[in-house]
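Input: a single structure, listed below in structure tokens.
Since the model is a prediction, treat every value here as computed from it, not as a measurement.
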Amino acid sequence: MTIRVIIVDDQAMVRAGFAALLSAQADIDVVGEAPDGRQGVHVSRSTHPDVVLMDVRMPEMDGLTAAREILDPPPGVVHRPKVLMLTTFDIDDYVYEALRAGASGFLLKDAPPADLIAAVRVVASGEALLAPSVTRRLIADFVQQRPAPRKDPALRLKGLTPRETEVLELIARGLSNQEIAGHLVLAEQTVKTHIGRVLAKLDLRDRAQAVIFAYEAGLVRPGDSG
């Protein structure tokens with residue numbers, strides 16, 4: 001199945017470069033592009049992409065606002081693509097809030113071409129781009145600078161079974177499904193079932209939101225060893 005992608009970035013050269021790179025892949029089709037967030041939302045709703053590559057800082061409407069509009073559309077709009085944030089910085093308020101809003105991950109603009117291609121495929125498959133330990137460390141470093149965990153997430157944890165809580169903690173530590181299965185001596189399909197229940201009970205979109213929820217609830221603390 002071909003992955004439909006749109007590119008939203010205020011730099012024409014970046015859009016052209018990414019489009020050329022992705023279009024050269026047999027399984028990826030670039031179906032649109034936009035120079036700002038506002039047009040990005042419009043293009044997304046007219047082309048129905050699977051993945052939106054969204055720059056963080058843009059004129060007219062920034063990537064965070066655009067991501068929110070795409071991921072939480074008004075009544076009547078049923079299409080909700082995956083959103084992958086593009087940034088020149090490791091992590092900042094915009095990226096963190098975008099993940100909380102439901103973005104599936106973020107990628108540095110200067111990442112190797114192979115990483116961009118892989119990221120689009122990972123996000124399109126329904127996974128969040130949060131498995132690499134470097135991403136987990138960046139989120140942990142950022143959360144460390146935030147206020148103490150809010151009570152609301154901690155209270156919501158009580159709705160999970162002990163096993164589900166354990167699975168959530170391992171997700172937040174950056175483990176893949178296969179690694180969680182090995183750690184808990186479970187079948188990988190069983191792990192997927194547990195993750196699905198965790199996301200449903202906590203009303204979370206994907207692993208990206210699960211990681212941030214785990215930090216905000218105090219289940220995992222920055223600096224904890226994995």
I195 and I171: side chain to side chain contact (heavy atoms under 4.5 Å, CB included), yes or no, with the steps? CA-CA 9 Å; I195 292 173; I171 290 174; 3.7 Å; yes
Listed once per pair and sorted, the ring-ring contact (aromatic ring centres under 6.0 Å, His included) pairs that draw on residues 20-39, sequence neighbours left out: none
Side-chain contact, heavy-atom cut-off 4.5 Å: [X] with [Y]?
{"X": "V56", "Y": "F106", "value": "no"}
{"X": "Q39", "Y": "P35", "value": "yes"}
{"X": "M85", "Y": "T87", "value": "no"}
{"X": "M54", "Y": "I70", "value": "yes"}
{"X": "F213", "Y": "L168", "value": "yes"}
{"X": "V5", "Y": "P49", "value": "no"}
{"X": "N177", "Y": "K192", "value": "yes"}
{"X": "R156", "Y": "L204", "value": "yes"}

Non-hydrogen atoms of [X] and [Y] that approach each other most closely:
{"X": "A210", "Y": "L199", "value": "CB-CD2, 4.1 Å"}
{"X": "A34", "Y": "V43", "value": "CB-CG2, 4.2 Å"}
{"X": "A19", "Y": "I7", "value": "N-CD1, 3.5 Å"}
{"X": "A67", "Y": "V83", "value": "CB-CG1, 4.2 Å"}
{"X": "S104", "Y": "V123", "value": "CB-CG1, 3.7 Å"}

Consider side chain to side chain contact (heavy atoms under 4.5 Å, CB included). Of V8, L22, V30, I6, which one does L53 pass it with? L22
Would you mind listing every salt bridge (charged side-chain N to carboxylate O under 4.0 Å, His left out) that reaches into residues 44-56, with sequence neighbours excluded? D55-K109
Could you check whether any side-chain N or O of T165 sits under 3.5 Å from a backbone N or O of T161, counting only pairs where one atom can act as donor and the other as acceptor? yes
Would you give the length of the straight line joining atom [atom1] of [X] to atom [atom2] of [Y], rounded to the nearest 0.5 angstrom?
{"X": "E169", "Y": "I180", "atom1": "CD", "atom2": "CD1", "value": "10.5 Å"}
{"X": "L116", "Y": "L86", "atom1": "CG", "atom2": "CG", "value": "7.5 Å"}
{"X": "L186", "Y": "H194", "atom1": "CG", "atom2": "NE2", "value": "5.5 Å"}

Is a donor from one side chain sitting under 3.5 angstrom from an acceptor on the other, for T2 and D27? no
Between Q209 and D206, does any side-chain donor sit less than 3.5 Å from a side-chain acceptor? no
Qualifying side chain to side chain donor-acceptor pair (under 3.5 Å) pairs, either residue in residues 65-85, two or more places apart: D62-T65
Of all pairs that satisfy side chain to side chain donor-acceptor pair (under 3.5 Å), the ones with a partner from residues 10-21, not counting sequence neighbours: R15-E33
Taking only residues two or more places apart in sequence, or in another chain, which ones meet K201 in a side chain to side chain donor-acceptor pair (under 3.5 Å)? E164
Working note: V52 + L84, criterion side chain to side chain contact (heavy atoms under 4.5 Å, CB included); need CA distance, chi angles, decisive distance, verdict. CA-CA 6 Å; V52 177; L84 181 62; over 6 Å; no
Has H42 got more than 12 heavy atoms of other residues, nucleotides or ligands less than 6.0 Å from its NE2? no
Taking salt bridge (charged side-chain N to carboxylate O under 4.0 Å, His left out) as the test, write out the residues that go with D29, two or more places apart. none
Tell me, with the steps shown, if L184 and R163 meet side chain to side chain contact (heavy atoms under 4.5 Å, CB included). CA-CA 9 Å; L184 298 178; R163 177 63 88 191; 3.4 Å; yes
